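For reference, the structure discussed in these notes is given below.
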Amino acid sequence: MTEQSEAATQLPADVDAVQQALVEWYEDDHRSFPWRETEDPYEILVSEVMSQQTQLNRVVDAWRDFLDRWPTAADLAGADRADVVAFWTDHSLGYNNRAKYLHEAARQITDERGGEWPRDPEGLSELMGVGPYTANAVASFAFDNGDAVVDTNVKRVLYRAFDVPDDDDTFERVASELMPAGSSRVWNNAIMELGGVACGKTPDCDGAACPWREWCHAYRTGDFTAPDVPEQPSFEGSRRQFRGRIVRLLGDNEEMTLDTLGHRIRVDYTPDGDHGREWLRGLLSDLADDGLVSVDERDGNPVARLR
DNA sequence: GTCCCGATAT
DNA sequence: ATATCGGGAC
């Protein structure tokens with residue numbers, strides 16, 4: 001038995017009906033987001049990068065503000081990295097590295113590709129910060145030319161509906177098998193909408209009128225387990241938290257000495273203590289490696305700034 | 001305190 | 001393979 005047909009055995013025999021039910025359900029009614037009104041790859045990419053880390057309802061304002069400030073990839077490419085990172089922090093968008101990636105991707109498009117966007121997932125994957133998920137999302141929503149996206153929503157849906165084993169390669173194969181060829185735009189919107197409104201962590205099958213109830217393994221058995229998600233380290237007191245504070249402070253202050261910075265990110269900062277200069281130097285050095293911050297000596301005194 | 005969530009670097 | 005990367009909602 002080939003790999004392909006193994007994937008097919010996960011799915012109902014009447015795949016066409018399954019596909020049609022979902023697309024009709026989506027087209028009949030769905031949440032409205034502004035990025036669903038555009039086919040501009042730059043605008044789509046910005047929305048996808050923001051959505052990877054932030055709840056959708058909070059992304060709307062940030063997305064509008066971002067495009068207001070940098071309306072095109074060329075505008076973003078010409079911006080100072082520090083301004084983009086500061087924007088990210090001001091809008092509480094989390095992982096600052098993604099602001100850097102977005103800036104770098106805009107530079108790649110503008111400087112290396114003459115403003116031309118790749119129109120397929122393979123080409124899009126060459127952009128900084130664009131992995132398999134984002135490549136397929138942009139290819140789908142901008143060009144209707146992607147493969148099935150596989151994010152945690154999709155995994156949860158496939159796991160529950162068709163009892164797909166919790167294995168990345170299998171999710172990829174089944175998701176691809178299930179997608180109606182050539183309809184990635186509506187399909188990927190629809191299946192993620194399903195994961196968002198009907199098949200979330202706590203499912204709402206009847207309330208959301210899930211179109212797959214008649215085929216759904218979980219609906220039949222009552223077992224709505226979802227694939228395991230890796231457990232989280234606590235944020236409070238983490239180095240992430242302090243990195244965030246540093247970037248936020250440097251967004252508001254052109255440059256700061258190490259000790260000033262130290263005292264403002266934690267009350268128990270003492271230059272020679274456990275969480276003192278040495279500790280702070282470590283954080284700053286990682287931030288510098290990430291290309292977010294630079295540290296230089298000024299009058300024999302180390303100062304940090306956003307880069 | 002728990003959940004969310006993909007990409008990169010190593 | 002695995003560690004790392006934020007911060008708000010609940």
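Lettering follows sequence order; numbering is per chain, from 1. Worth saying up front: this structure is predicted, and the values here are computed from it rather than measured.
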remark   = The salt bridge (Lys or Arg N to Asp or Glu O under 4.0 Å) partners of A:Asp206 (sequence neighbours excluded) come to A:Arg213
query = So, does A:Thr38 use its side chain to make a donor-acceptor pair with the main chain of A:Asp40 at under 3.5 Å?
reply = yes
Residue-phosphate contact under 4.0 Å: A:Arg248 side-chain N/O, C:dG7 OP1/OP2 = yes
ask   = In whole angstrom, what separates A:Leu93's CG from C:dG6's P?
value = 12 Å
message = Expressed as a whole number of angstroms, how long is the span from A:Leu249:CG to C:dG6:C1'?
response = 16 Å
message = Could you tell me if the side chain of A:Leu93 sits less than 4.5 Å from the side chain of A:Arg98, heavy atoms only?
response = no
key: Contact nearer the 5' end of DNA chain B, comparing A:Gly129 with A:Glu236   = A:Glu236
query = Got a sec, which residues hit salt bridge (Lys or Arg N to Asp or Glu O under 4.0 Å) with A:Asp168, two or more places apart in sequence or on another chain?
reply = A:Lys155
inquiry  = Could you tell me if A:Asn189 and A:His30 have a donor-acceptor pair between their side chains, going purely by distance under 3.5 Å?
reply    = no
note = What residues 36-49 of chain A contributes to the DNA chain C interface at heavy-atom separation below 4.0 Å is none
message = Under a 3.5 Å distance rule, please check whether A:Asp111 uses its side chain to pair with a backbone N or O of A:Ala106 as donor and acceptor.
response = no
query = Once you round it to whole Å, what is the distance between C1' of C:dG6 and NZ of A:Lys100?
reply = 15 Å
ask   = For A:Asp83, does its backbone N or O pair with a side-chain atom of A:Asp80 as donor and acceptor, under 3.5 Å?
value = no
A:Glu43: partners by salt bridge (Lys or Arg N to Asp or Glu O under 4.0 Å), with sequence neighbours left out = none
Outermost nucleotides of DNA chain B that come under 4.0 Å of a non-hydrogen atom of chain A = B:dC3 to B:dT8
DNA chain B base-pair string [pairs: Watson-Crick or G-U under 3.5 Å; |: paired with another strand] = ||||.|||||
note = Rounded to whole Å, the NZ-P distance (A:Lys201 to C:dA9) equals 19 Å
Table please: side-chain donor-acceptor pairs of residues 222-235 of chain A below 3.5 Å, with sequence neighbours left out.
from: A:Asp223; atom 1: OD1; to: A:Thr225; atom 2: N; distance (Å): 3.0
from: A:Asp223; atom 1: OD1; to: A:Thr225; atom 2: OG1; distance (Å): 2.2

Residue pairs passing the side-chain hydrogen bond (donor to acceptor under 3.5 Å, both in side chains) test where at least one lies in residues 115-127 of chain A, sequence neighbours excluded = A:Arg113-A:Glu126
message = Aromatic contact between A:Trp70 and A:Phe87, with the criterion being ring centroids under 6.0 Å apart: yes or no?
response = yes
request  = Could you check how far CZ of A:Phe242 sits from P of C:dT4, rounded to whole Å?
outcome  = 16 Å
inquiry  = With rounding to the closest Å, how many angstrom separate the P atoms on C:dG8 and B:dA7?
reply    = 23 Å
inquiry  = Categorize A:Val247 for me: base, sugar-phosphate, or nothing, with a 4.0 angstrom heavy-atom threshold over every strand shown.
reply    = nothing
task = Using the P atom as the reference point in each nucleotide, state the distance between C:dG6 and B:dA9 in Å, no decimals.
result = 14 Å
remark   = Closest non-hydrogen contact found for A:Met256 with A:Thr260 is CE-CG2, 3.9 Å
inquiry  = I'd like to check the salt bridge (Lys or Arg N to Asp or Glu O under 4.0 Å) partners of A:Asp268; sequence neighbours left out, ordered by chain and number.
reply    = A:Arg266
inquiry  = Base, sugar-phosphate or nothing for A:Phe235? Non-hydrogen atoms, less than 4.0 Å.
reply    = base
inquiry  = Please report the distance, rounded to the nearest Å, between CG in A:Asn97 and P in C:dG7.
reply    = 12 Å
query = When the distance from CD of A:Glu231 to P of C:dT2 is rounded to whole Å, what number comes out?
reply = 14 Å
key: Check: A:Arg185 side chain, A:Ala142 main-chain N or O, donor-acceptor pair, under 3.5 Å   = yes
key: Proximity to DNA chain B (any heavy atom under 4.0 Å), residues of residues 148-158 of chain A only   = A:Asp151, A:Thr152, A:Asn153
request  = Could you check whether A:Pro132 gets within reach of a base, just the sugar-phosphate, or nothing at all, counting any heavy atom under 4.0 Å?
outcome  = sugar-phosphate
Basic-acidic side-chain contact under 4.0 Å: A:Arg281, A:Glu278 = no
task = Please state how far atom CH2 in A:Trp88 lies from atom C1' in C:dG8, giving the value in whole angstrom units.
result = 15 Å
request  = Could you identify which residues of residues 51-66 of chain A place a heavy atom less than 4.0 Å from some atom of DNA chain B, listed by residue number, or say none?
outcome  = A:Gln52, A:Gln53, A:Gln55
key: Qualifying residues under ring-ring contact (aromatic ring centres under 6.0 Å, His included), relative to A:Phe143, sequence neighbours excluded   = none
ask   = Do the charged groups of A:Lys100 and A:Asp290 touch, with an N to O distance under 4.0 Å?
value = no
ask   = Quick one: is A:Ser92 getting a side-chain N or O under 4.0 Å of the C:dG8 phosphate, OP1 or OP2?
value = yes
